[in-house]
Amino acid sequence: QVHLVESGGGLVQAGGSLRLSCTASTPSGSILSIVHMGWYRQAPGKQRELVAQINSGGSTKYGDSVKGRFSISRDNGGNEVWLQMNSLKPEDAAVYYCNTRGYLKVGVLDDYWGQGTQVTVSS
């Protein structure tokens, strides 16, 4: 089973910045072949939505509401991702979940999720 460890959430004033990180770990002796990795978020009473995603080739995708404010990056190995969040708005408050899609074994493609980290933005 793949474990995603998230950090960086917290309380920030509107207009401020936060940086989230996510590290994927695999069972001993296993390698996750990552297709893409990124972040979703879910606010109370709302559906989970894509925030940002980066694929194995480095191409990125962003939700419309965060374009120009958030940026996603990864290390060369592709098992760690960072989400730089700038110009935060109260509407950005949510639980942010790290997600990765990949092959833990040949022919088996699955999605893996972190436990979530709370981001709170005060006015």
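In this chain, residues are counted from 1 in sequence order. Just so it is clear, the model here is predicted, and its values are computed rather than measured. Computed from heavy atoms alone, side chains included, the values below leave out hydrogens, waters and symmetry copies.
In this view, K67 and D64 satisfy the salt bridge (Lys or Arg N to Asp or Glu O under 4.0 Å) rule, not counting sequence neighbours. Contacts of S73 classified as side-chain hydrogen bond (donor to acceptor under 3.5 Å, both in side chains), with partners at least two apart in sequence or in another chain: none.
Within a 6.0 Å radius of CD1 in I31, other residues, nucleotides and ligands contribute 12 heavy atoms or fewer.
At least one donor-acceptor pair closer than 3.5 Å links the side chain of E6 to the backbone N or O of Q115.
Taking 4.5 Å as the limit, every side-chain heavy atom of E91 sits out of range of all side-chain heavy atoms of S65. The shortest distance between side-chain heavy atoms of D110 and V2 does not fall below 4.5 Å. The side-chain heavy atoms of S56 and I34, taken from C-beta on, include no pair separated by under 4.5 Å. Taking the side chain as every heavy atom from C-beta outward, M37 and L4 approach each other to under 4.5 Å. No side-chain heavy atom of M85 sits less than 4.5 Å from a side-chain heavy atom of W39.
The distance from the OG1 atom of T117 to the CG atom of L83 is 11.0 Å, given to the nearest 0.5 Å. Expressed to the nearest 0.5 Å, how far CZ of F70 lies from OG1 of T60 amounts to 14.0 Å. A distance of 12.0 Å separates CZ in R74 from CD in E80, rounded to the nearest 0.5 Å. One distance of note links CD1 of I54 with NZ of K61; it measures 12.5 Å at 0.5 Å rounding. For the atom pair CG of N79 and SG of C22, the computed distance is 9.5 Å after rounding to the nearest 0.5 Å. Atom CH2 in W82 sits 10.5 Å away from atom CD1 in I72 (nearest 0.5 Å).
Between L88 and R69, the shortest heavy-atom distance links the atoms CA-NH1, 3.9 Å. For the residue pair S123 and A14, the shortest heavy atom distance occurs at CA-CB, 4.4 Å. Nearest heavy atoms, S87 versus S17: N-OG, 4.3 Å. Across all non-hydrogen atoms, the minimal contact from Q1 to H3 is O-ND1, 3.6 Å.
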Name the atoms and distances for all side-chain donor-acceptor pairs under 3.5 Å in residues 94-107, with sequence neighbours left out.
residue, atom, partner, partner atom, Å
Y96, OH, R41, NH1, 2.9
Y96, OH, D92, O, 2.6
N99, ND2, Y112, O, 3.3
T100, OG1, H36, O, 3.2
R101, NE, D111, OD1, 3.1
R101, NE, D111, OD2, 3.4
R101, NH2, D111, OD2, 2.9

